[in-house]
Peer 1: 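My structure is below; once you've seen it, I'll send some questions.
These values consider heavy atoms only, across backbone and side chains, with no hydrogens, waters or symmetry-generated copies.
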Amino acid sequence: MWNDSVNRAGDETPSLSRYFVQMENSATRNDPFPSDAVTYDPSAIELKWQRLWQERGTNHTDLKRAQRPFYALMMFPYPSAEGLHVGNLFAFTGNDIYGRFQRLMGHNVFEPFGYDAFGIHSENYALKVGQHPMELIPRNIVNFQRQIERAGLMVDWRYRLATTDPNYYKWTQWLFLQLLKQGLAYKKQAAVNWCPKDKTVLANEQVVSGGICERCGTPVEQRLLEQWFFRISNYAPRLLENLDHIDWSETTKTAQRNWIGRSEGAELAFETHDLNGKECEIRVFTTRPDTIYGATYMVLAPEHPLVESLTKPKQKKHVDEYREKTKNQDLVTRKTSTEKTGVFTGSYAINPATEKEIPIWISDYVLMEYGTGAIMAVPAHDERDFAFAQAFGLPIRHVIAPADGQEPPDDRAFVAHGETERLINSGEFTGLGAVEGNEAIIAWLERRGIGHASVNYRLRDWLVSRQRYWGCPIPVVYCERDGMVPVPESELPVELPDVEDYQPRGRSPLGAAEDWVNTTCPICGGPALRETDTMDTFVDSSWYFLRYCDARNDEAAWDREVLRAWMPADQYIGGIEHAILHLMYARFFVKALADMELLDVQEPFAALFTQGMILGPDGGKMSKSAGNVVSPAPIVERYGADAARCYALFIGPPDQDAAWSEKSLEGVHRFLARLWRVGDELAPGADEAPATNAARQPPSPEGDALALVRKANWAIDKVTGDMSGRFAFNTAIAAIME
């Protein structure tokens with residue numbers, strides 16, 4: 001790296017001694033330490049250079065004139081606590097060092113910084129400490145930034161942003177309106193996940209294994225509410241396909257592929273009659289049309305719209321009680337529960353293959369969120385259906401058998417359906433291989449007009465409503481005459497009001513701000529009410545990387561010409577915990593904006609590197625409750641920012657977790673002190689060279705100096721290799737130490 005910078009300056013022979021001299025000569029005359037100093041004083045050294053960077057605009061990037069743009073982007077933090085912890089330092093330093101490497105390789109590097117300051121995390125912290133977020137969060141941001149600046153990041157602070165700034169969320173609201181115009185934002189009543197502690201709805205992605213809230217660990221309930229959604233499901237095919245073409249880790253891409261969940265199969269109709277004797281259809285999606293002859297019953301989700309019209313009077317009480325019970329279950333628990341419960345509706349459908357009646361049940365293991373909200377149950381060849389049939393004594397009919405002529409097992413579901421399995425008990429298709437039979441049955445369904453080949457996706461629309469105070473207001477009003485009306489773009493931002501009582505109570509606290517809620521209709525001028533839900537904080541963080549590039553533009557969210565040069569971001573660095581939520585939402589936003597011809601890219605991040613986590617000294621995840629949080633402020637004060645940064649990257653491979661150790665940090669500090677003394681020893685010898693000939697005829701190093709120059713060049717080669725797309729910071733530092 002250093003060799004490259006020397007060569008660009010016109011020197012023919014690299015000289016480590018002259019490098020130190022050049023560093024000294026470039027300083028101002030009022031240096032806080034003399035050139036012959038031996039003592040390594042990190043505070044004096046670091047503060048001097050940080051001051052010089054600021055005075056010279058060293059880290060400023062001209063976004064409109066850059067010849068070789070390189071966008072070094074880090075995931076911006078939640079300023080929900082008093083300040084940094086060493087995990088933040090680790091994350092930001094990795095991005096910063098890689099950005100410095102690219103700068104030394106000749107790129108114009110843009111490294112911005114900002115704060116993801118809205119949302120439950122910040123509001124809950126404000127509630128915990130008993131301070132209003134409008135006062136607490138700005139103060140936290142100031143403290144956070146002071147520590148970031150002291151850590152020596154090469155940030156261009158002119159482009160700083162915070163999602164809580166009205167100049168930022170004005171454009172978040174503008175983006176909401178663009179999605180609304182395109183039909184990509186809509187409001188509907190739906191069964192949603194509800195956190196009783198945080199008193200707000202949660203997206204499916206925010207409910208973790210066991211059916212608990214990812215933020216507070218409270219068991220999640222289900223409620224039927226009218227909520228705002230984004231149609232991310234429209235983009236499922238493209239979100240999936242593009243994963244094959246981006247430079248991300250396979251771990252992250254696999255997580256996204258699994259969440260999108262593409263399934264090939266068939267959609268088909270089962271005929272039935274409602275309570276009035278009227279013919280109707282139950283449509284199902286199945287990945288196993290080859291098993292249609294084995295469908296012995298049907299199951300509807302309790303929320304399915306046909307349940308009311310299909311439930312016989314004698315079953316109504318049982319069905320109603322079951323549906324009421326299901327309302328309190330979250331979707332994740334319903335999907336993963338091994339206990340099978342359900343109620344018979346009293347109605348029957350016709351299996352189009354066997355032309356026999358099969359009973360229609362409801363059960364919580366079928367979800368409206370997936371497929372059509374109804375299934376054809378084939379207990380002989382599906383584990384969940386088998387368990388349900390066993391629990392309620394329903395018939396089990398085998399239609400797939402092993403190729404070796406053996407009968408399928410009776411004590412479990414036989415789920416194999418590859419090239420070697422064959423169809424049995426399947427009418428004209430009996431004897432065909434399972435794969436061949438699958439294709440033949442789909443063609444048969446299409447000829448009869450009762451089904452067709454289909455592709456289904458697990459990805460559901462993004463629920464963005466939140467019944468909390470600390471968030472971006474949704475720019476919509478409701479008029480008795482004109483209904484739902486978007487706020488005109490000229491009236492943005494709809495500013496979040498300062499309310500005294502922002503406690504979550506199960507409905508938005510904004511509803512109590514009557515002066516704010518009561519407004520006028522933009523169409524008729526009559527009385528209207530503002531939307532009181534706020535947006536999910538992931539909306540704020542789904543486009544911030546676009547705003548960075550034009551953060552002071554008051555006329556538009558961004559300059560499209562500037563974004564043509566800087567997007568997609570060349571390198572994005574952050575935690576693996578964002579592999580699904582944030583990254584999926586950001587990709588959706590970019591694709592939707594490209595379709596509106598507001599952007600010229602299809603992906604937000606050209607390359608992605610996911611970092612591991614810095615653990616506490618005890619090896620556990622850092623948390624205040626565990627008492628193992630390590631703050632970098634006293635460490636920087638004692639050892640210096642360079643030592644803290646160097647140790648954070650030397651601690652281990654950056655994609656793996658590692659425990660913090662102050663004893664090891666002391667070793668890094670001692671290494672830097674030795675490095676400083678070596679430079680001090682070599683610098684005077686280089687200073688004796690004639691100034692006029694210094695550039696063209698550098699002094700020839702001898703003895704130890706020559707050995708060091710040779711080793712330095714070896715290290716340059718090693719470091720360059722370790723940094724070129726590998727992010728092997730730890731081995732690069734080890735080479736420098738050697």
Side-chain angles (χ1 to χ4, degrees), residues 63-64 66 69-71 73 75-76 110 112 159 161 163 168-186 228-248 252-253 256-257 259-260 262 455 457 459-462 464 472 475 486 489 492 535-536 538-551 553 555-572 574 578-608:
L63 298 184
K64 293 185 178 181
F70 189 93
Y71 193 170
L73 180 65
M75 294 184 183
F76 64 173
F110 178 43
Y159 296 90
L161 58 82
T163 58
Y168 180 85
Y169 68 74
K170 167 185 177 178
W171 301 109
T172 302
Q173 294 170 342
W174 177 80
L175 288 168
F176 180 96
L177 295 178
Q178 307 317 303
L179 294 173
L180 188 62
K181 289 177 187 177
Q182 300 298 319
L184 295 173
Y186 67 96
W228 283 97
F229 293 83
F230 289 161
R231 292 189 195 277
I232 191 173
S233 62
N234 284 14
Y235 287 81
R238 288 162 60 186
L239 287 168
L240 184 63
E241 181 183 351
N242 275 30
L243 289 172
D244 295 334
H245 311 296
I246 54 180
D247 183 15
W248 293 15
T252 302
K253 292 198 284 189
Q256 294 222 344
R257 288 188 182 107
W259 194 259
I260 296 169
R262 185 181 189 275
V455 175
Y457 294 90
L459 181 66
R460 299 296 96 184
D461 283 345
W462 174 10
V464 298
C472 176
E489 294 177 13
L492 300 180
M535 294 188 214
D536 178 9
F538 280 107
V539 179
D540 306 322
S541 62
S542 292
W543 74 281
Y544 75 104
F545 43 88
L546 303 175
R547 183 62 178 172
Y548 269 150
C549 298
D550 208 2
N553 190 337
E555 304 301 320
W558 54 75
D559 182 325
R560 192 169 174 181
E561 288 297 322
V562 172
L563 261 60
R564 282 197 180 105
W566 290 95
M567 289 295 298
D570 295 275
Q571 184 65 59
Y572 198 28
H578 296 295
I580 295 177
L581 288 177
H582 164 60
L583 295 176
M584 186 81 74
Y585 295 156
R587 297 180 65 219
F588 158 66
F589 255 62
V590 165
K591 285 174 169 47
L593 291 167
D595 287 352
M596 298 178 211
E597 298 186 351
L598 297 170
L599 280 182
D600 300 287
V601 295
Q602 288 291 328
E603 288 290 339
F605 318 119
L608 171 73

Peer 1: What residues, two or more places apart in sequence or in another chain, satisfy ring-ring contact (aromatic ring centres under 6.0 Å, His included) together with Trp543?
Peer 2: Tyr168

Peer 1: Tell me, please, which residues at least two apart from Phe110 pass ring-ring contact (aromatic ring centres under 6.0 Å, His included).
Peer 2: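 Counting only residues at least two positions away or on another chain, Phe110 forms a ring-ring contact (aromatic ring centres under 6.0 Å, His included) with Tyr71, Tyr159, Trp566.
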
Peer 1: Going by the rule side-chain contact (heavy atoms from CB on, under 4.5 Å), which residues pair with Ala607 if we only count those two or more places apart in sequence or in a different chain?
Peer 2: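 Only Asp247, Gln571 meet the side-chain contact (heavy atoms from CB on, under 4.5 Å) criterion with Ala607.
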
Peer 1: Sub-3.5 Å donor-acceptor pair from the side chain of Gln178 to the main-chain atoms of Trp174, do we have one?
Peer 2: yes

Peer 1: Can you confirm whether Leu240 sits close enough to Leu459 that some side-chain heavy atom of one is under 4.5 Å from a side-chain heavy atom of the other?
Peer 2: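 No, too far: nothing below the 4.5 Å cut-off.
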
Peer 1: Got a donor-acceptor contact below 3.5 angstrom from the Trp259 side chain to the Met584 backbone?
Peer 2: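 Checking the backbone N and O of Met584 against the side chain of Trp259, no donor-acceptor pair under 3.5 Å is found.
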
Peer 1: So which atom in Leu177 and which in Pro475 form the shortest heavy-atom distance, rounded to 0.1 Å?
Peer 2: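 Closest pair (atom of Leu177, atom of Pro475, distance): CD2-O, 3.7 Å.
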
Peer 1: Would you say the side chain of Val464 lies within less than 4.5 Å of the side chain of Phe538, judging by non-hydrogen atoms?
Peer 2: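 The answer is no, as the side chains (C-beta and beyond) never meet within the 4.5 Å cut-off.
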
Peer 1: Going through the checks in order, is the salt bridge (Lys or Arg N to Asp or Glu O under 4.0 Å) test met by Asp244 and Arg257?
Peer 2: CA-CA 10 Å; Asp244 295 334; Arg257 288 188 182 107; 3.0 Å; yes

Peer 1: Side chains of Ile232 and Leu239: does their closest heavy-atom pair fall under 4.5 Å?
Peer 2: yes

Peer 1: If you take all heavy atoms of Ser541 and Phe76, which pair is closest and at what distance?
Peer 2: CB-CE2, 3.6 Å

Peer 1: Quick one: CD on Gln173 to CG on Leu175, what's the gap to the nearest 0.5 Å?
Peer 2: 10.0 Å

Peer 1: Considering residues at least two apart in sequence or located in another chain, which fulfil the side chain to side chain donor-acceptor pair (under 3.5 Å) criterion with Asp570?
Peer 2: none

Peer 1: Is the backbone of Met535 close enough, under 3.5 Å, to the side chain of Trp228 for a donor and an acceptor to pair up by distance?
Peer 2: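 Not a single qualifying donor-acceptor pair exists.
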
Peer 1: Do you know which two heavy atoms are closest between Ile260 and Ala236, and how far apart they sit?
Peer 2: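 Shortest heavy-atom separation between Ile260 and Ala236 comes out as CG2-O, 3.8 Å.
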
Peer 1: Can you list the residues that meet the salt bridge (Lys or Arg N to Asp or Glu O under 4.0 Å) rule with Glu489, with sequence neighbours excluded?
Peer 2: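 Partners of Glu489 under the salt bridge (Lys or Arg N to Asp or Glu O under 4.0 Å) test: Lys181.
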
Peer 1: So do Pro568 and Phe545 actually touch side chain to side chain, heavy atoms under 4.5 Å?
Peer 2: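 No, every pair of side-chain atoms sits at 4.5 Å or beyond.
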
Peer 1: Taking side chain to side chain donor-acceptor pair (under 3.5 Å) as the definition, give me every residue that meets it alongside Asn553, ordered by chain and number, with sequence neighbours left out.
Peer 2: Asp550

Peer 1: Using modelled atom types and a 3.5 Å cut-off, is there a donor and acceptor pairing between side-chain atoms of Lys253 and backbone atoms of Ile246?
Peer 2: yes

Peer 1: Just to verify, what does Asn242 make a side-chain contact (heavy atoms from CB on, under 4.5 Å) with, not counting sequence neighbours?
Peer 2: Arg587, Lys591, Gln602, Glu603

Peer 1: Can you name the residues that form a side chain to side chain donor-acceptor pair (under 3.5 Å) with Tyr572, not counting sequence neighbours?
Peer 2: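 Once residues adjacent in sequence are excluded, the partners of Tyr572 under the side chain to side chain donor-acceptor pair (under 3.5 Å) criterion are Tyr544, His582.
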
Peer 1: Nearest 0.5 Å, what's the CG-CZ distance between Asp536 and Phe230?
Peer 2: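 Result: 9.0 Å between the selected atoms.
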
Peer 1: Give a yes or no answer on whether the side chain of Arg460 reaches the backbone of Ser233 with a donor-acceptor pair at less than 3.5 Å.
Peer 2: no

Peer 1: Answer whether the closest heavy-atom distance between the side chains of Asp595 and Tyr235 falls below 4.5 Å.
Peer 2: yes

Peer 1: Can you find a heavy atom in the side chain of Leu583 that is under 4.5 Å from one in the side chain of Gln256?
Peer 2: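 Answer yes - side chains close enough.
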
Peer 1: Distance from Leu563 atom CG to Arg547 atom CZ, nearest 0.5 Å?
Peer 2: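 With rounding to 0.5 Å, CG (Leu563) is 11.0 Å from CZ (Arg547).
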
Peer 1: For Arg231, check side-chain contact (heavy atoms from CB on, under 4.5 Å) against everything at least two apart and list the hits.
Peer 2: Leu184, Tyr186, Asn234, Asp461

Peer 1: Report the C-alpha distance between Leu492 and Tyr169 in whole Å, list the side-chain angles of each, state the deciding distance to 0.1 Å, and finish with yes or no for side-chain contact (heavy atoms from CB on, under 4.5 Å).
Peer 2: CA-CA 9 Å; Leu492 300 180; Tyr169 68 74; over 6 Å; no

Peer 1: Which residues pass the side chain to side chain donor-acceptor pair (under 3.5 Å) test with Arg564, sequence neighbours left out?
Peer 2: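 So Arg564 forms a side chain to side chain donor-acceptor pair (under 3.5 Å) with Glu561, Asp600.
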
Peer 1: Compare all side-chain heavy atoms of Thr163 with those of Cys472 and state whether any distance is below 4.5 angstrom.
Peer 2: no

Peer 1: When rounded to the nearest 0.5 angstrom, what is the spacing between CG in Leu599 and CG in Leu593?
Peer 2: 5.0 Å

Peer 1: Hey, does Met596 have a side-chain heavy atom less than 4.5 Å from the side chain of Leu179?
Peer 2: yes

Peer 1: Excluding sequence neighbours, so at least two apart, what forms side-chain contact (heavy atoms from CB on, under 4.5 Å) with Ser542?
Peer 2: Trp462, Tyr585, Phe589

Peer 1: Within the distance-only criterion (no hydrogens, no angle test), does the side chain of Arg560 pair as donor or acceptor with the backbone N or O of Glu597 below 3.5 angstrom?
Peer 2: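 Present.
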
